[in-house]
Amino acid sequence: MTTATRTIEELANREYQYGFVTDVEAETVPKGLSEEVVRLISEKKREPAWLLEWRLKAYRTWLAMTEPTWQNVRYPAIDYQDIIYYSAPKKRPTLNSLDEVDPEIRATFEKLGIPLEEQKLFAGVAVDAVFDSVSVATTFRTKLAELGIIFCSFSEAVQEHPALVRQYLGTVVPYSDNFFATLNSAVFSDGSFAYIPKGVRCPMELSTYFRINARNTGQFERTLIIADEGAHVSYLEGCTAPMRDENQLHAAVVELVALDNATIKYSTIQNWYPGDKQGKGGIFNFVTKRGKAAGVNSKITWTQVETGSAITWKYPGCILLGDNSIGEFYSVATTNNWQQADTGTKMIHIGRNTKSTIVSKGISAGHGQNTYRGMVKIGKQAHGARNYSQCDSLLIGDQCGAHTFPYLEIKNTSARVEHEASTSKIDEDQIFYCRQRGLSTEDAVNLIVSGFCREVFRELPMEFAVEAQKLLSVSLEGSVG
Amino acid sequence: MTMLDIHNLHVRVGGKPILQGIDLCVNAGEVHAIMGPNGSGKSTLARALSGHPDYQVTEGEVSYEGRDLLAMDPEERAREGVFMAFQYPVEIPGVNNAYFLKAALNAIRKHRGQEELDAIEFMALMREKSTLLEIDPSMLTRSVNEGFSGGEKKRNEIFQMAVLEPKLAILDETDSGLDIDALKLVANGVNAMRSPERAIIVVTHYQRLLDYIVPDVVHVLSGGRIVKSGDRALALELEDKGYGWLEPEAAAAAPAAKA
């Protein structure tokens with residue numbers, strides 16, 4: 001075995017750093033899913049009748065749906081009656097300030113590098129921290145409120161801004177959208193809500209940090225972001241979970257709405273527990289994310305760095321409804337050990353002169369299987385629509401796989417659609433070249449991989465680009481050959 | 001002082017014996033040229049010395065500054081001051097040339113217990129060295145060797161050498177594919193690095209490079225062995241007569257072939 005191969009294996013075998021469990025008293029609903037449970041969740045959250053109705057419609061629709069099987073991933077059957085659908089840390093009824101966050105939970109976020117005291121945060125980043133099913137803290141709210149920006153947990157939004165929630169909930173991802181989104185619509189517990197009013201440029205990054213803690217618990221968060229006319233916002237989410245032997249389900253929904261001339265930039269750094277070296281445990285990350293570029297000249301950008309989860313199934317997409325609207329998707333997905341990812345995007349061109357860009361970088365190592373699945377749909381009325389897709393795969397070692405499934409559906413002859421794809425391996429010569437200049441094999445691999453991902457990393461907000469690069473090097477530890 | 005002492009070096013590539021007993025001694029301050037026909041093992045010698053994993057040493061010893069070179073990993077050799085200018089420099093897409101070189105330099109400095117250079121100090125060093133080789137500053141911000149012409153790649157190798165300041169520099173056919181202007185530039189860069197503390201091994205097929213980098217010793221490789229050593233006159237003689245006249249000597253140097 002060459003030194004390179006050895007180092008890659010060492011790299012791959014590095015331990016997940018966020019696998020600890022926090023001991024907090026939790027309030028949970030009984031295992032399993034029924035109309036009762038849906039009602040119970042809604043009741044616990046003191047939701048208005050219309051929302052309960054919406055959940056119930058989703059639940060009834062879900063009962064008639066079957067789990068999709070078309071994706072290129074393999075996993076044991078999920079027993080939906082063996083999942084706890086709601087778990088919340090016990091706490092005082094209302095939190096008046098961040099100081100009142102349970103010290104154990106506060107310590108958890110500190111340990112994850114997400115301090116909840118505002119003065120310690122990255123300058124210019126507001127954080128909403130979601131622990132299991134509920135949001136435990138949102139920072140910088142007052143400062144944002146001065147500009148009319150609403151940034152709070154989804155549950156609070158339901159209480160305090162019901163009209164906005166009702167107006168937009170389910171308008172991008174309907175409750176009947178797909179098996180996992182429909183499940184989420186029935187049982188979603190919390191998530192983040194943001195509304196940026198007309199003409200306001202959000203002065204800081206908004207960020208949500210998701211943490212799954214409790215055992216046998218699914219996390220079903222729901223995020224809704226609305227950028228009103230001329231508004232700009234950049235939003236980032238991060239996620240981690242404890243190491244557990246059993247798989248845990250995470251079925252989130254994210255909806256974005258950009259009105260005329262509005263811009264939403266949504267970045268994800270996903271680092272759910274990926275399972276161990278033998279493929280035991282890890283999160284099933286089955287997520288539906290979609291943005292509607294509803295207004296003219298609106299723009300939605302998805303940037304994702306997916307390094308965690310046993311299985312990743314997500315296709316953050318854009319519905320380009322407004323004339324001249326723009327959709328972008330930049331993705332780095334890595335699969336190491338026994339991880340599987342089937343991810344990509346959907347760009348639906350409806351308006352005139354709509355543009356979309358897709359840059360996908362898949363990295364497979366160990367026994368990882370990485371699939372890019374992307375759809376570009378150009379509607380009849382989408383005169384002058386343009387799409388550029390670039391799909392690159394990097395293989396590390398000879399046990400892994402990369403797959404590409406592009407779907408193109410073009411109904412307007414004036415459309416221009418380009419697709420480029422490449423598959424490469426990190427070769428020994430590149431590694432040797434770096435080593436001959438004094439770099440270790442590990443540094444060489446990191447350098448080559450970060451070069452491969454550069455087009456995506458440069459789309460991330462500054463503070464997080466460095467973080468993403470580090471995360472990537474950790475998740476690939478032990479992988480070149 | 002002896003910097004590099006090679007004794008009875010045998011190297012196989014893909015199971016095939018290429019070097020069959022090289023003996024060579026290089027002192028600090030000297031420039032040695034290794035010449036020879038295609039397939040004689042010149043590049044194999046260069047790559048084996050730099051520790052390429054495909055080049056398997058089956059016999060012999062190499063001592064570098066009194067230490068066992070063959071026991072060191074390639075990166076350790078590099079950090080100890082062994083530099084090879086590649087015959088075919090590798091492209092690393094998306095990795096900025098300056099960033100790459102800074103990472104390399106700092107890895108070496110760290111190994112030597114020197115402080116790492118920050119971005120500003122490093123850029124100052126880059127400017128100084130790039131003037132020497134007439135490197136276009138835009139080359140530094142491009143990805144490592146990506147889209148470089150053959151000549152640019154070779155110049156970039158010498159530029160890296162100038163920045164990393166090795167003790168032992170091995171140039172593997174750096175002249176191949178260079179036009180005369182580029183050749184002079186590269187030679188000037190190499191000559192500027194000649195010093196009593198540094199040894200340089202120039203591997204080349206043609207004598208032309210040696211008009212500009214004048215060697216102290218010339219060795220001729222044939223059939224995996226050094227068949228003749230001499231001063232610069234030997235290189236000129238080779239240009240005149242080709243490698244053919246050395247064949248009998250090569251045959252004589254080889255042990256009797258088995259029937």
Side-chain angles (χ1 to χ4, degrees), chain A residues 1-8 10 330 332 359-363 390 392-396 420 422-460 465-466 468-469 472-473 480-481, chain B residues 46-47 49-56 72-97 99-112 116 142-146 153 156-157 159-161 163-166 168-170 172:
Chain A
M1 187 161 52
T2 66
T3 323
T5 314
R6 267 203 314 276
T7 310
I8 284 145
E10 282 160 18
Y330 299 97
V332 167
V359 177
S360 163
K361 305 277 182 176
I363 302 162
Q390 183 191 332
D392 299 321
S393 304
L394 186 68
L395 301 172
I396 303 178
E420 285 180 29
S422 76
T423 302
S424 52
K425 281 190 82 159
I426 289 193
D427 62 27
E428 292 282 348
D429 283 342
Q430 282 176 320
I431 293 172
F432 179 67
Y433 188 76
C434 295
R435 293 177 79 193
Q436 210 302 303
R437 294 301 182 253
L439 301 175
S440 65
T441 303
E442 187 176 333
D443 288 344
V445 172
N446 289 338
L447 194 79
I448 295 162
V449 170
S450 72
F452 175 74
C453 299
R454 192 163 74 147
E455 288 156 288
V456 175
F457 285 167
R458 71 177 176 210
E459 296 297 326
L460 285 173
V466 179
Q469 201 145 335
L472 194 65
S473 65
V480 183
Chain B
R47 289 168 201 171
L49 291 176
S50 60
H52 195 293
D54 292 349
Y55 294 73
Q56 195 199 349
M72 300 182 202
D73 280 339
E75 58 268 39
E76 196 184 349
R77 298 183 198 195
R79 292 171 192 165
E80 288 291 335
V82 177
F83 178 94
M84 179 170 78
F86 283 63
Q87 184 179 5
Y88 304 108
V90 177
E91 298 186 3
I92 310 177
V95 176
N96 178 298
N97 212 13
Y99 180 85
F100 172 73
L101 196 46
K102 179 165 171 265
L105 180 64
N106 281 334
I108 293 170
R109 290 182 67 94
K110 201 170 151 191
H111 179 77
R112 292 181 185 159
E116 296 183 27
R142 282 157 62 189
S143 295
V144 178
N145 293 319
E146 199 186 22
K153 283 183 182 172
N156 192 34
E157 292 293 290
F159 171 66
Q160 292 185 12
M161 176 174 92
V163 172
L164 299 178
E165 298 184 324
L168 172 64
I170 304 162
D172 187 8

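Protein chains get the first letters and strands the later ones, always in sequence-line order, with residue 1 at the start of each.
- Here the side chains of Ser50(B) and Gln436(A) are in contact, with some heavy-atom distance below 4.5 Å.
- Of all the heavy atoms in Glu75(B) and Thr441(A), the pair that sits closest is OE2-N, 4.0 Å.
- No other option in Gly94(B), Ala103(B), Ala104(B) has as many heavy-atom pairs under 4.5 Å with chain A as Gly94(B).
- From Asn145(B), atom CG reaches atom CD of Gln430(A) across 10.5 Å, with rounding to the nearest 0.5 Å.
- Side-chain contact, Asp429(A) with Tyr88(B): no donor N or O sits under 3.5 Å from an acceptor N or O.
- There is no contact between Cys453(A) and chain B, counting heavy-atom distances below 4.5 Å.
- The distance from the CE atom of Met84(B) to the OH atom of Tyr433(A) is 9.5 Å, given to the nearest 0.5 Å.
- Residues satisfying the salt bridge (Lys or Arg N to Asp or Glu O under 4.0 Å) test with Lys102(B), not counting sequence neighbours, are none.
- Minimum interatomic distance between Ala78(B) and Gly438(A) (heavy atoms only, all atoms of both residues): CB-N, 3.4 Å.
- Of the listed residues (Glu80(B), Arg77(B), Glu157(B)), the greatest number of heavy-atom pairs within a distance under 4.5 Å of chain A belongs to Glu157(B).
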Where do Glu76(B) and Ser440(A) land on the side chain to side chain contact (heavy atoms under 4.5 Å, CB included) test, with the steps shown first?
-> CA-CA 9 Å; Glu76(B) 196 184 349; Ser440(A) 65; over 6 Å; no

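- Residues Arg454(A) and Ser143(B) have side chains in contact (heavy-atom distance under 4.5 Å, counting atoms from C-beta outward).
- Inter-residue side-chain proximity for Phe452(A) and Val95(B) is flagged as unmet; no heavy-atom pair is nearer than 4.5 Å.
- Interface remark: Pro89(B) contributes backbone and side-chain atoms alike to the contact with chain A (heavy atom separation under 4.5 Å).
- Contacts of Ile92(B) with chain A are made by both backbone and side-chain atoms, with heavy-atom separations under 4.5 Å.
- Per-residue heavy-atom pair counts under 4.5 Å with chain A were compared for Ala107(B), Pro166(B), Pro93(B), and the maximum is reached by Pro93(B).
- Taking both residues in full, the closest heavy atoms of Leu439(A) and Arg79(B) are given as C-NH2, 3.9 Å, listed atom of the first, atom of the second, then distance.
- Using a 4.5 Å cut-off between heavy atoms, Glu91(B) touches chain A through its backbone atoms (N, CA, C, O) alone.
- Applying the ring-ring contact (aromatic ring centres under 6.0 Å, His included) rule to Phe432(A) yields the partners His52(B), Phe86(B); only residues at least two apart in sequence or on another chain are considered.
- Both the backbone and the side chain of Arg437(A) come within less than 4.5 Å of a heavy atom of chain B.
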